[in-house]
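Heads up: the structure comes next, in C-alpha cells.
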Amino acid sequence: DAKTTQPPSMDCAEGRAANLPCNHSTISGNEYVYWYRQIHSQGPQYIIHGLKNNETNEMASLIITEDRKSSTLILPHATLRDTAVYYCIVRVGAADMGRRALTFGSGTRLQVQP
Amino acid sequence: GAVVSQHPSWVICKSGTSVKIECRSLDFQATTMFWYRQFPKQSLMLMATSNEGSKATYEQGVEKDKFLINHASLTLSTLTVTSAHPEDSSFYICSARGGAVGGTEAFFGQGTRLTVV
C-alpha cells in the first residue's frame, strides 16, 4: 500500500469547513484513497473513499487531484462532534478489503473549536 | 451500514488472569476479522487476522500463545488475553468486512479498553 503523509494536527472553528490534506505521491493506478476517523475511545469510522473522481456523501467530500498524488477531505460545516483523528489510507482494490487489514498511519488530529 | 459489535467495552482484571473479548458482525457474515491494539496517543497496530474455521495469522512480535483467537462462526471472533500483565493494558479493536456485503469499506467495533492491575 502506498505511504501517506498527513499533518499531525489541525484546528477548525465550529461551523466552518474543515479541509484535511493527505499526500500520497507513490499511489498506484489501482489504489483507492480511503478516509476513516476515530473519535476518542471509539473504533474507527468509515467516512468516504475514491479512486480518481471527486466523491461526496452525507458526511464529507473527497477531492482527489488530477495526478492522484494528493487528496483533501472536506467536512463542510464542522461541529464539535467532528473532533477526532482522521486517517487517510491508500490501498488496492475494494474487493481486497475483506482479505487484508487496513494499515493506519498517525493521522491528523482535528480539533473543532467552539 | 454494517455493524460490528465488541463486548465488553471495558474490563479491569488482575494480573495473571485471562480476559476474553468478543467481536460480532451483527448483520453480515465475516469470513475474515482483524484484531488491532492501540496504546495511548498511538495509532492502531494490527495484531492478527482471524479466519473462520482456520488458525489465525499473527503479526510479527505478537505472541500467539498469549493472544488466543478463535473464529468459530461467520459472525463471531474472540480474542483471549491469557495471563494478562499490566503491559497488556491497551485498547483492543476488531474489524470485519463480510464477503457477501456489497460495500467496500471495513467496519470496526467500538473497542475494548483493557486495564490490568
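Sequence lines set the chain letters: A, B, ... in the order given, protein chains first and strands last, and positions in each chain run from 1.
- In this model, a donor atom of one side chain and an acceptor atom of the other lie less than 3.5 Å apart for B/Ser77 and B/Ser50.
- For the side-chain contact (heavy atoms from CB on, under 4.5 Å) criterion with A/Ile74, the lone passing option out of A/Leu20, A/Ile63, A/Thr56 is A/Ile63.
- With a 4.5 angstrom heavy-atom cutoff, B/Leu44 touches chain A via backbone and side-chain atoms both.
- Looking only at distances, no side-chain donor or acceptor of B/Thr32 sits under 3.5 Å from a matching main-chain atom of B/Asn51.
- Only the side chain of B/Gln38 comes within contact range of chain A, with heavy atoms under 4.5 Å apart.
- Side-chain atoms of B/Gln6 and B/Thr112 include a donor-acceptor pair closer than 3.5 Å.
- Listed options A/Pro44, A/Gly105, A/Ser106, A/Gly43 were ranked by heavy-atom pairs under 4.5 angstrom with chain B; first place goes to A/Pro44.
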